[in-house]
Number of protein chains: 2
Amino acid sequence: MLSHEQIWIAIDGIAKRNGLSPSGLAKRAGLDPTTFNRSKRVAPDGRPRWPSTESLAKILEATGETLEAFVAAVAGKKGASSRDSQSIPLITLSAVQGDGFFSPEGAPVGNDWGEMLFPGPKHKKAFALQITSNELSPLYRRGDTIVVAPHQPLRKGDRVVVKARKQGPSVQLLERRTADGLDLKSPDTDMEMQHIKHCDIEWTGRIIWASQ
Amino acid sequence: MLSHEQIWIAIDGIAKRNGLSPSGLAKRAGLDPTTFNRSKRVAPDGRPRWPSTESLAKILEATGETLEAFVAAVAGKKGASSRDSQSIPLITLSAVQGDGFFSPEGAPVGNDWGEMLFPGPKHKKAFALQITSNELSPLYRRGDTIVVAPHQPLRKGDRVVVKARKQGPSVQLLERRTADGLDLKSPDTDMEMQHIKHCDIEWTGRIIWASQ
DNA sequence: GCCCAGAAAGGTATTTATTCCTTTTTGAAC
DNA sequence: GTTCAAAAAGGAATAAATACCTTTCTGGGC
């Protein structure tokens with residue numbers, strides 16, 4: 001993964017390793033000296049601003065650094081990307097209907113989580129939920145386990161987990177996205193539709209894998 | 001160093017490894033589906049066009065790939081992520097209705113198989129089948145991918161792939177096991193039941209994971 | 001203290017990537 | 001063959017990064 005913070009740390013690091021200031025590095029690469037100004041790393045409205053890929057290619061070219069060295073600079077500083085963990089947090093879907101299992105951002109918290117072997121480097125912060133009833137059949141049945149990646153961009157047709165205000169996380173099918181919220185269909189046999197407004201949604205996740 | 005050609009090869013590779021087209025990858029990452037069109041990789045005047053770092057960050061986030069894996073793709077190497085995530089053979093379910101895609105034992109053979117990153121628990125000889133129709137909906141839909149472990153002990157309720165004599169592999173629900181064969185239910189809406197004798201079964205596999 | 005060069009802030013203009021739209025192509029399903 | 005959906009091409013509008021410009025800040029040398 002590649003965060004806004006990481007990439008700017010890496011650029012500062014490359015400059016430093018080559019005995020240059022960020023502005024000196026830009027000049028050396030044939031760019032405008034203000035390209036990497038701290039003042040240009042976030043927009044006036046707070047939106048993060050990213051250097052272009054072409055600028056990155058130019059500073060690698062100018063300093064003779066390899067892409068691997070750049071990546072090491074990205075990973076080496078805080079927020080390293082390579083997680084060595086071979087497993088993800090696991091709990092039952094029924095258990096998390098109570099409070100205290102997720103941070104406000106949808107990350108697992110507390111001591112009640114188990115672990116499930118899921119070795120891929122995929123999807124930092126993914127977690128697994130075990131289905132304990134047949135309410136969601138035929139899609140998911142008692143004993144199935146779903147792997148959820150939180151905060152993924154959602155599209156029509158996606159199978160999602162939605163945590164709405166004052167409700168436990170629930171498994172849903174995303175029927176469509178509207179300006180003010182999501183149209184969701186329950187995967188059970190009834191297929192009831194419901195609309196949830198963005199303001200009532202605490203977090204969402206996409207179901208990326210399901211074990212059978 | 002980082003060349004224009006390399007970066008586009010890497011993007012194509014990430015898409016392919018995740019069972020997606022370049023346009024599918026863009027959609028998954030929340031970007032416009034045309035973002036990675038070949039027609040947008042060079043300007044009309046021949047000038048090379050580069051994807052933005054923010055777009056790169058988004059496809060890493062969406063696929064769960066590490067920056068290291070991306071760099072390995074840039075460098076043209078394969079399987080840098082194989083330490084954590086294994087690559088398994090991938091093909092469409094419709095394609096394997098013909099002959100010559102499996103050994104008599106149900107192992108993938110031939111040159112038509114692709115590769116896909118599977119982040120889940122390692123499994124010897126597993127392979128992936130991409131669903132290309134909505135026949136099996138709502139359980140599996142067009143675009144879903146199922147991971148099949150061949151020669152697994154089967155139990156009632158399992159979702160299975162059965163290769164019967166003179167038929168292509170088909171997705172079934174195992175209703176019950178009898179002395180002389182298997183009672184299978186098709187997962188489509190009709191839910192037709194059929195009985196297949198052991199002597200007519202070439203091989204079976206259990207569907208261990210499904211992604212959408 | 002004063003001067004100076006580099007660095008950085010801040011703003012505007014320009015370039016470039018993305019989005020949005022339509023059309024064409026492709027491949028699988030029926 | 002026909003139909004359908006996804007992918008891709010191509011073009012115009014929009015959004016975002018860089019270039020360009022001026023001003024302010026910083027540190028060293030005098």
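These figures come from a predicted structure and were not determined experimentally. Throughout, a chain's letter reflects where its sequence line sits, starting with A, and its residues are numbered from 1.
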Sorted by chain and number, sequence neighbours left out, side chain to side chain donor-acceptor pair (under 3.5 Å) with A/R17 holds for A/E65

Pairing residues for B/S133 by the side chain to side chain donor-acceptor pair (under 3.5 Å) criterion, not counting sequence neighbours:
none

Any ring pair (Phe, Tyr, Trp, His ring centres under 6.0 Å) pairs touching residues 33-67 of chain A, not counting sequence neighbours?
A/H4-A/W50

Does anything in residues 169-194 of chain A form a ring pair (Phe, Tyr, Trp, His ring centres under 6.0 Å)? List the pairs, not counting sequence neighbours.
none

Residues from residues 48-57 of chain A lying under 4.0 Å of DNA chain D - heavy atoms:
A/R49, A/W50, A/P51, A/S52, A/S55

Quick one: salt bridge (Lys or Arg N to Asp or Glu O under 4.0 Å) pairs with a partner in residues 103-112 of chain B, sequence neighbours left out?
none

Residue pairs passing the salt bridge (Lys or Arg N to Asp or Glu O under 4.0 Å) test with at least one member in residues 201-212 of chain A, sequence neighbours excluded, are A/K163-A/E202

Using modelled atom types only, decide if a donor and an acceptor are shared between the side chain of A/N18 and the backbone of A/A15 within a distance under 3.5 Å.
no

Taking only heavy atoms on the protein side, list every residue of residues 30-47 of chain A lying under 4.0 Å from any atom of DNA chain C, sorted numerically.
A/T34, A/N37, A/R38, A/S39, A/K40

Residues in side-chain contact (heavy atoms from CB on, under 4.5 Å) with A/T145, at least two apart?
A/L90, A/M116, A/A128, A/Q130, A/S211

Can you sort out the partners of A/K40 under side-chain contact (heavy atoms from CB on, under 4.5 Å), two or more places apart, ordered by chain and number?
A/T34, A/N37

Distance, rounded to the nearest Å, where A/D12 contributes CG and C/dA7 contributes P
13 Å

Nearest-angstrom distance from the residue atom CD1 of B/I11 to P of C/dA17:
12 Å

Please tabulate, one pair per line, each protein N/O and nucleotide N/O from nucleotides 27-30 of chain C that are separated by under 3.5 Å, including the distance.
| residue | atom | partner | partner atom | Å |
| --- | --- | --- | --- | --- |
| C/dA29 | OP1 | B/T132 | OG1 | 2.5 |
| C/dC30 | OP2 | B/E135 | OE2 | 3.3 |

List the atom pairs, donor and acceptor, that lie under 3.5 Å between side-chain atoms in residues 53-62 of chain B and the rest of the protein, sequence neighbours left out.
| residue | atom | partner | partner atom | Å |
| --- | --- | --- | --- | --- |
| B/T53 | OG1 | A/P51 | O | 2.3 |
| B/S55 | OG | B/S52 | OG | 3.1 |

Base, sugar-phosphate, or nothing for A/K27, non-hydrogen atoms under 4.0 angstrom?
sugar-phosphate

